[in-house]
Colleague: 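Here it is, the structure, as C-alpha cells.
Counting starts at 1 for both ligands and their atoms, following the listed order. Remember, predicted model here, so these are calculated numbers, not experimental data. The figures here come from the full heavy-atom set of this structure, side chains too, leaving out hydrogens, waters and symmetry mates.
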Amino acid sequence: MENQEIAEIPIIDDNEELEELKRLRREFHQHPELGWTEFWTTARIAELLEDMGFDVLVGHELYQGGLAELRWGLPDDETLQGFYTLAQERLGENKYLEKMKDGLTGLVAHIRGGEGGPGIGFRFDIDGLPILESAGHHHQPTQDRFSSPLGTMHACGHDGHVAMGLGLAKRVCDNIDSLTGDFYFMFQPSEESARGGFVFSRHELVKKLDHFVALHLGVVKERKLVCDLRFLSSRKFEVTFRGRSAHAALSPQEGKNALLGACTAVVNLYSIPRHSSGLTRLNVGQFHSANAKNVISELAGFQLDVRGENEEICDYMVESAKRILKGAAEMYALELELCDLGFTISTPASPGLKTSIRDAALKAGVPGAAIVNEHFVIGCEDAPFIMKEVQENRGQAAYICLGSPTRGGHHNPEFDFDEDLLIWGVHVLWELALDLSSR
Ligand SMILES: [Zn+2]
Ligand SMILES: [Zn+2]
C-alpha cells in the first residue's frame, strides 16, 4: 500500500489531561457571559490561576492608567447589573468580583521563570454571545447536560480557549523551575465586538512582550494548524440623516425626506466598485425610520460595516462610502451625521515567530502536511491590536488557528467542536513556550 502523508491533525483519544481540559471547557460552557460582563468567568479563572501560583491582575488593578475609559460599547446598566448579580449568586463572597464592578472584566496573570529570558504573552478570549443554545438532542452539550439555558452561549469556542489557556498555564507552572523568562496570560473580555483587544493593547505590560501569540479553534474547515491566520480590517459606523418632517399629503414640499436620503445611500453603498488589490466587504444593518405613513421622515439611519484586506483597501471603502453618504444627503438637502462604532485592523504574523510555530507544531506531533503557513479568513478579530503594539516594540507576534470543522458553524445555536482540539492547543503552545523561553 502506498504510504500517504497524513494531511490532517489526528484525533487524540481521552487521557487524564484531556479529561481535565474537557471538564474545564464544559464548566465554562455552562456560564457564558457577554462582552464586559464576564464577571463569573473572570473570577473563576483568577481563582484557578492564583491557586497554581500566578500573580493575577483583576478589575481596577488591571485597568489602571485610563484603560477603563478606553472601553466602548459597554452594555446598559441593567445588563451589567444582571450579569453581576448572577455571578454574585453563583460565587457568594468573592474577593475578585468587587474589583470588577462596572464591567472591568478579564485578567492578566504573570509568573516568572529564571532570570534573563524573554517576555512571552498568550491571549485567550473569554466572552460568549447573545444566542439561545440549541436544546436539540443531537447537540452534544444538551446530550451531556452542559448546555447553557440562559439565552447566552459560547458559540465561538471561547470556552475552549479558556480551557486551553488554563491547561497551558498549568504546564508552565508545573515546570517553572526549568523555564526562563516572564509568562503573561491575558484572558481578554469582549472580543466578539472587537473591543477588549484594543483596551488590552494599551496595557503597559504589552511593552514587556518579546513574543505574543493568540489562537482560535475551528474557523477553517479541516483539521489543520495555521501558523498565520489573517483577518480583514474593518470600520463600523452609525449613519444618521436629519431632515424636516411635514404632512405627507398636505404640504410635502415643506419636508426634507430623511428616509429617501437613507434609501438612496444604501442602494449606492452596495455599488462601490471592488478593489483589484484585495478583498472588500460592505453591509448595512439596523435600518430605521420611525415616521408614520402620512409624515415625511425627519430622521432615518442605519449601521454600516465596511471591511478590506488591509488598511489601504479598508480606507478606500471608507472614503467611497463617505462620498456616497454625503452625496445622498446633498440630494435631499439633509444633514448627515457619522458616528464611529469601532474598528479592527489586520496584522500579519512576524516571520520568525511563524517559523517557530511550525517547529513547535511538528514537535507536538502535528503532521507536516497538516501545517499551513498562512490563511486569510473573512472575519474580524481584535488580537491584531495587541500584535501590532508588540511588533512596533520590536517584539514578534502571531495568530494561530487550530483548524477544524465545527458543528453548526461559528455563532450558530448548534455550534460545537471536537474536544480533543483542546489538548492539541496545549501541546503546540507548550512546545512554543519551551522553545521561546530557551532563547
Ligand atoms: Zn466569534
Ligand atoms: Zn471567536
Colleague: Quick test of your reading of the model: are R44 and D51 salt-bridged, counting only N-O distances below 4.0 Å?
Modeller: no
Colleague: Would F185 and F122 count as a close aromatic pair, with their ring centres under 6.0 Å?
Modeller: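 Close enough - the centres of the two rings lie under 6.0 Å apart.
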Colleague: Suppose we screen for side-chain contact (heavy atoms from CB on, under 4.5 Å). Which residues come up paired with T280, at least two apart in sequence or across chains?
Modeller: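 R274, H275, I313, M317.
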Colleague: Give every donor-acceptor pair under 3.5 Å between a side-chain atom in residues 367-387 and any protein atom, sequence neighbours left out.
Modeller:
| residue | atom | partner | partner atom | Å |
| --- | --- | --- | --- | --- |
| E374 | OE1 | R230 | NH2 | 3.4 |
| E374 | OE1 | K354 | NZ | 2.7 |
| E381 | OE1 | R123 | NH2 | 3.3 |
| E381 | OE1 | A383 | N | 2.9 |
| E381 | OE2 | R123 | NH2 | 3.0 |
| E381 | OE2 | Y399 | OH | 2.6 |
| D382 | OD1 | R123 | NH1 | 3.2 |
| D382 | OD1 | Q188 | NE2 | 3.2 |
| D382 | OD2 | Q188 | NE2 | 3.0 |
| D382 | OD2 | R195 | N | 3.4 |
| D382 | OD2 | G196 | N | 3.3 |
| D382 | OD2 | G197 | N | 2.8 |

Colleague: Can you list the residues that meet the ring pair (Phe, Tyr, Trp, His ring centres under 6.0 Å) rule with F187, with sequence neighbours excluded?
Modeller: F124
Colleague: Would you tell me whether T42 and T105 have side-chain atoms, one donor and one acceptor, within less than 3.5 Å of each other?
Modeller: no
Colleague: For the Zn ion (ligand 2), which protein N/O/S atoms fall under 2.8 Å? Skip waters.
Modeller: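 Within the sphere that stays under 2.8 Å of the Zn ion (ligand 2), the protein atoms of type N, O or S are C156 SG, H158 NE2, H216 NE2.
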